2 protein chains.
Amino acid sequence: MPSRQQKGNCLNLTKETRCMTCSLSSLCLPLSLNLEDIDQLDRIIKRRQPLKKGEHLFRQGDSFDCVYAVRSGSLKNYIMTNDGEEQITNFHLPSEMVGLDGIDCSSYPVSSRALETTTVCEIPYSRLQELSNELPDLRKQMFSSLSKEIRDDKQMMLLLSKKNAEERVATFLANLSARFKRRGYSPYTFRLPMSRNEIGNYLGLAVETVSRVFTRFQTSQIIAVNGKEVHITDRQQLLEIAGLSECEAETGAKLVAS
Amino acid sequence: MPSRQQKGNCLNLTKETRCMTCSLSSLCLPLSLNLEDIDQLDRIIKRRQPLKKGEHLFRQGDSFDCVYAVRSGSLKNYIMTNDGEEQITNFHLPSEMVGLDGIDCSSYPVSSRALETTTVCEIPYSRLQELSNELPDLRKQMFSSLSKEIRDDKQMMLLLSKKNAEERVATFLANLSARFKRRGYSPYTFRLPMSRNEIGNYLGLAVETVSRVFTRFQTSQIIAVNGKEVHITDRQQLLEIAGLSECEAETGAKLVAS
DNA sequence: AACAAAACATGACACAGCTCAATTACTTGT
DNA sequence: ACAAGTAATTGAGCTGTGTCATGTTTTGTT
């Protein structure tokens, strides 16, 4: 199999490196594919060596040639303002697709950087495109990913333009909780992979405000925080503050068809 | 040709109702198609009777079965918060696609409503999907539309989380100006199809703030406003306030491949 | 273990933009 | 052409959140 471009080193583990046996396959791109199709997809996917914390998966402006799925760890995507400030546009957890918004560009429109040690599956876009020509289900799944991201973005706009600091933080925590749950982790106790600074950046708040809201929530017995460890004590009230109904809270995962 | 569903009345004008002769085809879905493919696309498109100002093209929750391209007039898309407030997520001008974010849903995730008398091309999604199975260029164009929308949304997040009132309004005007220009209208003089209230809603500002910024810009000789008529007097300064470089300002159009 | 650097928390204060209120200018229907 | 409702403007005052300053805790390095 001639690879177009040897970008990063490829591991060659046997078990971990097949979609077929990956515990995330029911959340990820293979979601709606049959076994045979998964096998085809598998063949074009490269598993790269883990990214260390702070390393870039790609940078805004890098030539676009691959999309990625997170296997473990987490990423932040961000764009740069003209005066050099960064604006985080998304955090990505395992099973989520990264880089799709560059699809019709020659270069990535955002940068993506590891928040911790992170492994990804690398999918050369040209191959994915060829394959999706043959597999309608794969195509459908890609459309799903894209339109899901758009819907999430609209919710983010709502958050940024209408919600106050407490509502923003509550929404953020509820969303993370739902995403962890989908992946089989506890929705009540988890570790934040990002700093307060990054949370503030993402939510359009100053770090200090995030910090204060955390302490306020802690005082009101809604959450218990210890550094990056978060325990949700009163989920009901958290959702209420977030302005989310029970069912909205369930759809916190990215890249999941309806 | 058996139509799946007779939704709204279909006109049967001869000239206006062909992509082939439509002045927008170079900006719209047919963008990268050859004549034969355009003809095929043409056959599945229905032209509906104009929407009157305030009428809905679709509502959040309506069953998803069509995507649309604006022919003339304009639309606002919005979602509802749980306490019944509306959050405008987009304005749509001629040649722009509407409804794509519902692609993997059974129902539209947003509402879309005419800001003025508006005509649209209605494209039954199931037919579009069939056709896109056969036409790679069409498929590519749809992916382009989606990823472009995601990129625009990220810019909007940046605006909402980092920019102040003046920067927001300037960005908004610069963006509209660029979109009008692409469509062959003057980038300097145009009519706002939306109210101050709607601008404020979209930009995350109170109406009063929008009004004040407009007067301030007028006083500084950057624009001349008369009701909904806007004339851009000092484009350079407008872009500067918006925090946009010249080339960024050019990409204000939605749904345009790079 | 000791240090440096970064991340986090908390208080005091300022100010951009919101709210409320009042006035003026448009739209729309009859 | 008029009235009545709606949209836009302008002012005054308030407030949520940013900024700045300071101290504390955590993390990473040698």
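This is a predicted model, so every value here is computed, not measured. Naming convention: chains lettered A, B, ... in sequence-line order (proteins, then strands); numbering from 1 in each chain. When reading the values below, keep in mind they use all heavy atoms of this one structure, side chains included, and skip hydrogens, waters and symmetry mates.
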With sequence neighbours excluded, what pairs up with [X] under the salt bridge (charged side-chain N to carboxylate O under 4.0 Å, His left out) test?
{"X": "A:Arg216", "answer": "A:Glu166"}
{"X": "B:Arg191", "answer": "B:Glu229"}
{"X": "B:Lys154", "answer": "A:Glu149, A:Asp153"}

Can you confirm whether or not the ring centre of A:Tyr185 sits under 6.0 Å from the ring centre of A:Phe190? no
Nucleotide N/O of nucleotides 3-10 of chain D paired with protein N/O under 3.5 Å:
| residue | atom | partner | partner atom | Å |
| --- | --- | --- | --- | --- |
| D:dA8 | OP1 | B:Arg196 | N | 3.2 |
| D:dA8 | OP2 | B:Arg196 | N | 3.1 |
| D:dT9 | OP1 | B:Arg196 | NH2 | 3.3 |
| D:dT9 | OP2 | B:Arg196 | NE | 2.9 |
| D:dT9 | OP2 | B:Ser211 | OG | 2.4 |
| D:dT9 | O5' | B:Ser211 | OG | 3.0 |
| D:dT10 | OP2 | B:Thr215 | OG1 | 3.2 |

Kindly check if the number of other-residue, nucleotide or ligand heavy atoms within 6.0 Å of NZ (A:Lys52) is above 12? no
So the contacted stretch of DNA chain C, first to last nucleotide with an atom under 4.0 Å from a non-hydrogen atom of chain B, runs from C:dG17 to C:dC20
Any sub-3.5 Å donor-acceptor pair from A:Ser177's side-chain atoms to A:Pro187's backbone N or O? yes
With heavy atoms under 4.0 Å as the rule, sort A:Gly204 into base, sugar-phosphate or nothing. sugar-phosphate
Please report the distance, rounded to the nearest Å, between CD in A:Glu116 and C1' in D:dG28. 17 Å
List for me each residue that meets side chain to side chain donor-acceptor pair (under 3.5 Å) alongside A:Glu167, sequence neighbours excluded, and say none if there are none. none
When you compare the side chains of A:Asn164 and A:Arg168, does any donor N or O come within less than 3.5 Å of an acceptor on the partner? no
Taking the nucleotide of DNA chain D with the closest heavy atom to each, which residue, A:Asn226 or A:Leu205, is nearer the 5' end? A:Leu205
